[in-house]
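So the structure is just underneath, and the comments pick up after that.
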Amino acid sequence: MFPSYSSRGFIGLTIALLLLNAVFFYLVTDLNNLTVEMGEEGLLENLQLIYLGLAALAFLIGGLRSEGPARMFAIGMCLLMLIFFFRELEVEPTGPVSGYIKSHAFRWHEAILVIGFAAVYIFLHSAYVRPVLQFVFSRKAWPFYMAAALILFGEV
């Protein structure tokens, strides 16, 4: 039902990609000007947006190709990545759309839309909730816990 992330190949690939990402960031970062590189419009912020957008797309594709609880989980993760994307997106309010995205009204509308979508989805597929929660709280979900730890580490 849910993919297995416990194979040595997957774990090795995950570690290799994390190291490759760290080396890439180290090589392209001006270490003498870290305040700019890690600022709101810096390289790190822009890479976060790219990664969050790609993650949202990957989860959407995975959700569309899955069935049952795995689809519910993937679509939920896609929504979470989109929420993170819009939280990280820094746009200057120069017009009505960018002004709206920067407003408190957008955050409220975003929350109402996500909660409404999730409530309807859960109501229509309530049988999937238990398997999804079992997966989320299992050892099989370790990549998601690692991602959460990296997000917290990045915030600190």
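Here the structure is a predicted model, which means the values were calculated and not measured.
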Is it true that [X] and [Y] fall in one hydrophobic cluster, defined by side-chain heavy atoms closer than 4.5 Å?
| X | Y | value |
| --- | --- | --- |
| Tyr145 | Leu80 | yes |
| Ile50 | Phe24 | yes |
| Leu52 | Met77 | yes |
| Ile61 | Ile75 | no |

| Measuring from Phe144:CZ to Trp142:CH2, what's the distance to the nearest 0.5 Å? |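 Atom-to-atom, Phe144:CZ and Trp142:CH2 are 10.0 Å apart.
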| query | Roughly how far apart are Leu89 CG and Lys102 NZ, rounded to 0.5 Å? | reply |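 Here the interatomic distance stands at 8.5 Å.
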| query | Using the ring of each side chain (for Trp, its six-membered ring), is Phe59 parallel, tilted or perpendicular to Phe73, with breaks at 30° and 60°? | reply |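 Answer is perpendicular, since the angle exceeds 60°.
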| Quick check: does any side chain N or O of Arg71 sit under 3.5 Å from a backbone N or O of Leu64, one acting as donor and the other as acceptor? |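 The answer is yes, because a donor-acceptor pair under 3.5 Å joins these two groups.
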| message | Check whether Ser66 reaches the backbone of Gly63 with its side chain - one donor and one acceptor, N or O, closer than 3.5 Å. | response |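 Pair absent, no side-chain N/O of Ser66 close to backbone of Gly63.
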Residues 105-125 side chain polar contacts: donor-acceptor under 3.5 Å, at least two apart:
residue: Arg107; atom: NH1; partner: Phe86; partner atom: O; Å: 3.4
residue: Arg107; atom: NH2; partner: Phe86; partner atom: O; Å: 3.1
residue: His109; atom: ND1; partner: Tyr100; partner atom: OH; Å: 2.8
residue: His109; atom: ND1; partner: Ala105; partner atom: O; Å: 3.1

| query | Given Met146 and Leu18, is the side chain to side chain contact (heavy atoms under 4.5 Å, CB included) satisfied, shown in steps? | reply | CA-CA 11 Å; Met146 184 176 69; Leu18 285 172; 3.7 Å; yes
Under 3.5 Å, which donor-acceptor pairs link side chains of residues 127-138 to any protein atom two or more places apart or in another chain?
residue: Ser138; atom: OG; partner: Phe135; partner atom: O; Å: 2.7
residue: Ser138; atom: OG; partner: Lys140; partner atom: N; Å: 3.2

| request: Would you mind reporting whether Phe85 and Leu49 have side-chain heavy atoms less than 4.5 Å apart? | output: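 Yes, close enough: below the 4.5 Å cut-off.
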